[in-house]
There are 2 protein chains.
Amino acid sequence: MNDALRTAPDLDETDLAILERVEADFDVSLETLAEELDVSKSAVHYRVNKLKDNGVIKGITADIDPLAFGLEMVAITDISVTHESGYSEEIGETLAALDGIEQVYYTMGDVDFVAISRVQSRDQLNDLIDRIVAIDGVNETSSRFVMQEFENKREITANLAEEARNNILTPSNQ
Amino acid sequence: MNDALRTAPDLDETDLAILERVEADFDVSLETLAEELDVSKSAVHYRVNKLKDNGVIKGITADIDPLAFGLEMVAITDISVTHESGYSEEIGETLAALDGIEQVYYTMGDVDFVAISRVQSRDQLNDLIDRIVAIDGVNETSSRFVMQEFENKREITANLAEEARNNILTPSNQ
DNA sequence: AATGAAATCGACCAGCA
DNA sequence: TGCTGGTCGATTTCATT
């Protein structure tokens, strides 16, 4: 059995086509979708609903431009913690809850956490780092400025390698 | 003048309230929104449209659960490039185009690029790293496994520090 | 910028393969 | 289970303020 796919519901090509389309842009009429995919409106509606029930589609959200809020500065911060504390779960949640921090990863290796943050100014970044080091158990931090972000595409379906796509369409555990 | 806000269109509290709501969940009726925000349905609709025209709302998208595709493995890869090549822009775009890579950051410092990738298996990660080192100009890579992701909330409005929020509502450059 | 009415579109349901 | 076609309610559009 392919362990990586144990949670995957069975999807066919039409489901994948719908997902690829709506993951990039949901602001489209059912009718347009139906024409593009060459199925009926009702069928699209039925499948989209099922994908929502399945949890494959976690939600419909509006993507907001960070620059519209002046959030022009991105930083990557490595954070190491004192291991005797052992509260990595708690520290991770505390980090993720800080204003300005977008993502927190707990990693294997010397550095324990990697945080990606987005702020308006260098002052706000300094303030954020102060708030990070003030967290109990945080040992050391080291930040890098991001000069350029490439294609902040977070599209799952657009990132599937061919092998991964094949695994979904023809699961070994069916 | 507050340099960080030069691109910010003027937003009022109602706009912010709409954005906070729809950034987390757009799958809501106009009526519900109107009740929650205590404005008329038409007004909500008008403002949402304006925010789309403004570019503040970049788009409406479906969020897909990576686990539904068996994408259980996340890695952070530091990538250094040979500087005589000078094609960092091109390398960044090439990296971002690789299947499996979600985000690419070009940073200041020893490490030139940081890539976040999401794959189904260790094999796929090895394959991805092979594809990275095969890129012309790539010098060295070093990857860390992510053991846990904390609150992958990418919500701009939820991450604003109070100062940042105040900057938007009462811009110094108005 | 916001409204209300008219036109359009999507959600839901009973029924069918 | 997956889909059809039709009805009703919701949303979009637009003239108007």
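Per chain, numbering begins at 1; letters A, B, ... match sequence-line order.
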Legend entry - Minimum-distance nucleotide (side-chain atoms of Ser42(B) versus dG4(C), dG10(C), dA2(C)): dG4(C)
Legend entry - 4.5 Å side-chain heavy-atom contact, Ile129(B) and Ser143(B): yes
Legend entry - Nucleotide dA1(C), atom C1' - distance to CG of Asp15(B) in whole Å: 11 Å
Legend entry - Distance, rounded to the nearest Å, where Leu11(B) contributes CG and dA1(C) contributes C1': 15 Å
Inset, instruction - Counting heavy atoms from C-beta on, name the nucleotide in dG2(D), dA2(C), dA11(C) closest to the side chain of Arg47(A). - result: dG2(D)
Inset, instruction - Would you mind reading off the distance between Lys41(B) atom NZ and dA5(C) atom P, rounded to a whole angstrom? - result: 12 Å
Legend entry - Closest nucleotide among dT11(D), dT3(C), dG2(D) to the Lys50(A) side chain: dG2(D)
Inset, instruction - Report the C-alpha separation of Arg47(B) and Asp12(B) in whole Å, then their side-chain angles, then the decisive distance to 0.1 Å, and conclude whether the salt bridge (Lys or Arg N to Asp or Glu O under 4.0 Å) test is met. - result: CA-CA 11 Å; Arg47(B) 279 166 181 266; Asp12(B) 61 17; 3.0 Å; yes
Inset, instruction - For Leu30(A) and dG5(D), give me the distance from atom CG to atom C1', rounded to whole Å. - result: 15 Å
Legend entry - Under-4.0 Å side-chain N/O to phosphate OP1/OP2 contact, His45(B) with dT11(D): no
Inset, instruction - Using distance alone, with no hydrogens and no angle criterion, decide if Glu89(B) and Tyr87(B) have a side-chain donor and acceptor under 3.5 Å apart. - result: no
Legend entry - Nearest-neighbour nucleotide for the Ser29(A) side chain, dC9(C), dT4(D), dT12(D) considered: dC9(C)
Inset, instruction - Could you work out which one of dG10(C), dT3(C), dC3(D) sits closest to the side chain of Ser40(B)? - result: dT3(C)
Legend entry - Distance, rounded to the nearest Å, where Glu31(A) contributes CD and dG10(C) contributes P: 7 Å
Inset, instruction - Give the rounded distance in Å between these two atoms: CD1 of Ile60(B) and P of dT11(D). - result: 14 Å
Inset, instruction - Whole angstrom is fine here: how far is it from CZ in Phe26(B) over to P in dG10(C)? - result: 13 Å
Legend entry - Integer-rounded Å distance: dG2(D) P and Asp53(A) CG: 12 Å
Inset, instruction - Please work out which of the three classes, parallel, tilted or perpendicular, describes the rings of Tyr106(A) and Phe113(A), given edges at 30° and 60°. - result: tilted
Legend entry - Closest to the Tyr46(B) side chain, choosing from dT11(D), dC12(C), dA2(C): dA2(C)
Legend entry - Side-chain donor-acceptor pair present, Thr61(A), Asp63(B), cut-off under 3.5 Å: yes
